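Below is one structure; the comments refer to it alone.
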Amino acid sequence: MLIDIDTAIEDNADKKISKKDRHLNVLMSSTSYPKDLQDWRGRFIANQAGALAARDDIRLSLWAPPGVLPPRVSDANSAADSRWLERLSQQGGIAHLLRTRRVMAAGTIVGLLARLGRVYRRQPVDVVHVNWLQNALPLWGTTTPALITVLGTDFGLLQLPGMKNLLRSVLRQRRAILAPNAEWMQPALEQAFGDLAEVCPIAFGVDDPWFDVVRRPAEGLTRHWLAVTRLTHHKIGDLFTWGEGLFGETRQLHLFGPMQETVALPAWVHYHGPTHPADLLQNWFPQASGLITLSRHAEGRPQVMLEAMAAGLPVVASALPAHRDMLQHQATGWITANREELSRGLEWLDEPANNQAVGQAGRAWVKASVGTWHDCAGRYAAAYSRLLGTAGESR
C-alpha cells in the first residue's frame, strides 16, 4: 500500500493540543502490566499511564494485559484481547518465551503483531504511544504520529537480521519520536534512524513516596543488602560467584524477585520470592544498607535502581552502560568490574558516613535529573506536541 506521507503529515499537523477546545487522544500499547497492586510485572507502565491520564490535556486509552487501571484511563482491549494478553502474562511474557520456549514464542509473536495491528486501526487517535520497539511494527500501513519508548531488552533486538529495515519502513510513514529511557542508547538510535525520526531520551519518573523514605539501617553488626531482580542467569550475573565470602551472617544478602529460570541459590542467600513496591517501601528499604545488582542483562535504566536512589540507598552495580549512565562512582554509587572492586565497595559503604553521603547524593541526583512520574508525563506531553507541531501548547 502506497502512502502519501506529505499529505498525511499535513493532516496530522492540523491536530492541535488545545487548552480550550479538546483533549489530545493518546493510545498507549504495552505487553506488560500489573494485575494488581502486589504484582511486580510492568509496574512502570501503570505509573506512566496514571501520570499521563492525570493531566487535563490528555485522554489516554491503554492496550495492555488486564489489571487495575488508574483513574481516567480507558481500556482499549477487546474481550478477546484481554484473554489473550492474560495468557501471555501467565506464560511470563514475550521475552521469557523467547528465552525458554522459542517454538511457542514464534506463534505468540505472530498473534501479538496481528492483534496490535487491529487495535492501531480500531480507533482514531492523535498519537500512539508504543512501549517497546517491536510493538511499533504493526503500525505499518498507518500514518498516525508515534512516540516509541526504547528499553534495554528491545534495544538488543536491533541486532536481529532485518529488524532495522522493518522499523525504518514503519518510521518512514509518519512523524515519530524514539524515546529511550536512558541517554546511552541515543547515539546508536540516531545512527540507525536519525534521518527518519527524532531521538529524544525521556527518563521515567519515580513515585513520590520513595523520596520520603526515612532510613533506619539495622542496628548492631548485621547489615542488610538487597537484590531486587527477576531470577535469570543474566540478571543474576556475577552476584553469587563474586558474593561468595563477602556476604554471610553479618553482611546479609536478601534477594527478591520471581524465579524465571532454574537458578541454584547459595545457602548464604536469603531468598524471599517475588515482592511488590509497598513491601520494599515500608519494610525493606528503610532498614537496608544498600541495593546491589551485578546484572549482565541488556538493561535500559533499571527502575528499582532509581527508586533505591530516591529512597537514599547506596547502589552497587556492575559496569554496564546502563549503570554507568546512572551512577557516578564513589559519589552517587559504586561501579564494580570484578570481585576485588566489589569487596572494596562493600567495605567502604560499611562506613556509616560514606553510606549516608552516597545515599544523599544519589537521592539529590534522582530528584534533580529524573523527578517524579508527574515530571515524566510533562516530558511525554511536550514530545506529543512536537509530533503534532503544537510545541507551545502542552503544559
Side-chain angles (χ1 to χ4, degrees), residues 1-17 24-31 52 58-64 76 78 81 94 109-151 154-181 185-202 379-391 394:
M1 177 169 55
L2 297 178
I3 295 173
D4 187 342
I5 189 62
D6 292 331
T7 301
I9 288 175
E10 289 176 4
D11 290 344
N12 286 320
D14 289 337
K15 299 174 180 179
K16 304 296 185 180
I17 306 175
L24 177 69
N25 293 307
V26 178
L27 169 64
M28 178 181 288
S29 63
S30 172
T31 48
L52 282 166
I58 289 176
R59 283 181 178 162
L60 185 74
S61 55
L62 176 65
W63 189 89
S78 67
D81 287 341
I94 291 290
I109 290 170
V110 171
L112 170 65
L113 297 181
R115 289 179 183 278
L116 275 172
R118 287 193 291 270
V119 76
Y120 289 153
R121 292 160 175 79
R122 194 157 58 215
Q123 52 185 337
V125 294
D126 300 304
V127 172
V128 178
H129 184 139
V130 181
N131 285 289
W132 290 285
L133 277 170
Q134 65 270 21
N135 291 341
L137 294 177
L139 285 169
W140 193 92
T142 70
T143 60
T144 310
L147 184 143
I148 305 167
T149 65
V150 188
L151 310 178
D154 54 330
F155 184 76
L157 291 177
L158 294 177
Q159 305 308 314
L160 294 177
M163 180 61 73
K164 289 181 182 178
N165 287 336
L166 286 171
L167 285 167
R168 286 182 62 83
S169 70
V170 170
L171 295 175
R172 195 173 285 116
Q173 298 172 342
R174 75 202 66 253
R175 286 182 171 176
I177 292 176
L178 299 181
N181 69 328
M185 291 181 271
Q186 185 173 5
L189 290 171
E190 286 182 338
Q191 183 177 5
F193 307 112
D195 59 324
L196 297 175
E198 177 187 349
V199 179
C200 176
I202 297 180
R379 294 189 283 268
Y380 281 131
Y384 300 158
S385 294
R386 293 200 303 279
L387 281 173
L388 300 176
T390 57
S394 70

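As the structure is a prediction and not an experimental result, all values here were calculated from the model.
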Using 0.5 Å steps for rounding, measure from the [atom1] atom of [X] to the [atom2] atom of [Y].
X    : Y    : atom1 : atom2 : result
L133 : M163 : CG    : CE    : 8.0 Å
L112 : W132 : CG    : CH2   : 11.0 Å
E190 : E198 : CD    : CD    : 9.5 Å
R59  : L52  : CZ    : CG    : 15.0 Å
R115 : S78  : CZ    : OG    : 6.5 Å
S385 : L24  : OG    : CG    : 7.5 Å

Just so I know, are the side chains of [X] and [Y] near enough to count as touching, which here means a heavy-atom distance under 4.5 Å?
X    : Y    : value
N181 : T149 : no
R122 : W63  : yes
I58  : Y380 : no
V150 : F193 : no
L116 : Y120 : yes
L171 : I148 : yes

Looking at [Y], is its backbone amide N or carbonyl O close enough to the side chain of [X] to form a donor-acceptor pair, meaning the two atoms are under 3.5 Å apart?
X    : Y    : value
Q173 : G141 : yes
R168 : A192 : yes
R172 : L196 : no
R174 : T144 : yes
N25  : D126 : no

So, for [X] and [Y], which heavy atoms are closest and what is the spacing to 0.1 Å?
X    : Y    : value
V130 : A136 : CG1-N, 3.6 Å
V128 : V125 : CG2-CG2, 4.0 Å
A179 : L147 : CB-CD2, 4.1 Å
G117 : P138 : N-CB, 3.5 Å
G389 : R175 : N-NH1, 4.0 Å
P201 : V199 : CD-O, 4.0 Å

